[in-house]
Amino acid sequence: MRVLGIETSCDETGVALYDSERGLLSDALYSQVKMHAEYGGVVPELASRDHVRKLLPLIREVMAKAELQLSDLDAVAYTAGPGLIGALMVGASTGRALALGLGVPAIGVHHMEGHLLAPMLEENPPSFPFVALLVSGGHTQLVSVTGIGEYALLGESLDDAAGEAFDKAAKMLGLDYPGGPLIAKLAQQGNRERYRFPRPMTDRPGLDFSFSGLKTFTLNTANNARDAEGNIDPQTMADIACAFEDAVVETLAIKCRRALQQTGMKQLVIAGGVSANQRLRERLAEVVKKERAGLFYARPEFCTDNGAMIAYAGCQRLLAGQSADLTILARPRWPLDTLDGL
Ligand code: KG4
Ligand code: ZN
């Protein structure tokens, strides 16, 4: 089955073509990051308009790269939520209409299910069951996964998501949006010994997270380090970035270890934009070694938003006989644990 996948939930237009027999045939991505950078975050209205501008050219691009025609498609999958409603509507209406025009089934995919299954596109994929740490700009969740659509929430952030915390810390240091990759880069020059930031909620039982206190701690540290002109010297910037990254990574690692112990599962999957973080990958590699478990993640470009994960997730559901009716479904909020199994 050949499935076109469309992702437009936030600030990335992603399109990909996945074949259930041959794997990923082609993919293309357009990031709106530059456009939103001067506003310090995603402007929803601009995001929707840019998806309108880019979606059809990207669909043509992936079809051409795979040397296929639209008539070769067996189905269309689009992100139906959660995300920005205007942005979602662009992909959902285009995907639903394209499928109707071609006379093939369509399916609305849950964005976080897409992230969660993205490591399945890699050479050595995980098998069910596993513990998944979903860490993106909007979500931080630990999930027990026993099959596609069989998701039990083990814990989640009570306030900011991990990616959001990275973005806000970056803003405090005067870095651009999205701040995660920039903090990670700056942290490489940092001195690990200079500051120690708190590891929120790790001293009590449970698998929930909270990053808002860490955010305040970072803001106070940054403000105390400013000179009379309000500037922070480059080494101190790097030291703060390093201490912040360490605190987030260590907090996530402690909870992942706890989740593996609690469930007895032997595989840990990390997904979402923050799973591209090199320090996190290294630290979790140590954790799984101690727990005699395996660690799985997608290649960096499939950790952040992309069309391939939507094509893959949609394909699995379509193969199981699921599909959408003619309603154009777009849900800004959509809890992951309300999804149906296959
Ligand atoms: O999954 P994603 O592309 O979009 C959402 O669904 O939210 O995640 C984007 C988030 C941003 O907050 C970004 O700063 C963060 O992922 N991110 C990173 C890294 N790459 C992206 N955070 C830390 N380290 C990275 N290398
Ligand atoms: Zn995402």
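When a ligand or atom number is given, it counts from 1 through the structure's own listing order.
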inquiry  = Pairs of nitrogen or oxygen atoms closer than 3.5 Å, one from G180 and one from ligand 1: do any exist?
reply    = yes
task = For atom 21 (C) of ligand 1, grab the closest protein heavy atom and report residue, atom and distance to one decimal in Å.
result = G273 O, 3.4 Å
query = Among the heavy atoms of H111, does any lie under 4.0 Å from an atom of ligand 1?
reply = yes
inquiry  = So is P181 touching ligand 1 or not, going by heavy atoms under 4.0 Å?
reply    = yes
ask   = Can you tell me the N, O or S atom of D305 that's nearest the Zn ion (ligand 2)?
value = OD1
request  = May I ask you to check if any N/O/S atom from H115 comes under 2.8 Å of the Zn ion (ligand 2)?
outcome  = yes
request  = Kindly confirm whether the Zn ion (ligand 2) is within less than 2.8 Å of some N/O/S atom in H111?
outcome  = yes
key: Ring centroid separation F197 to F244 under 6.0 Å   = no
request  = May I ask you to check whether H51 and T13 show a side-chain donor-acceptor distance below 3.5 Å?
outcome  = yes
key: Sidechain N-carboxylate O distance under 4.0 Å for E164, K215   = no
Per atom 15 (C) of ligand 1, closest listed option by heavy atom (T304, V42, V274, L182) = V274
For atom 23 (C) of ligand 1, the option (of V248, V135, N277, D167) bearing the nearest heavy atom = N277
ask   = Taking non-hydrogen atoms only, is H115 closer than 4.0 angstrom to ligand 1 via side chain, backbone, both or neither?
value = side chain
key: Polar side-chain atom of E150 near backbone of D337 as donor-acceptor pair, under 3.5 Å   = no
message = In terms of relative ring orientation, are H115 and H111 parallel, tilted or perpendicular, with 30° and 60° separating the classes?
response = perpendicular
Donor + acceptor pair across side chains of R194, T236 (<3.5 Å) = yes
Electrostatic pair K290-E286, nearest N-O below 4.0 angstrom = no
query = Which is closest to atom 3 (O) of ligand 1 by heavy-atom distance: D305, N306, V33?
reply = D305
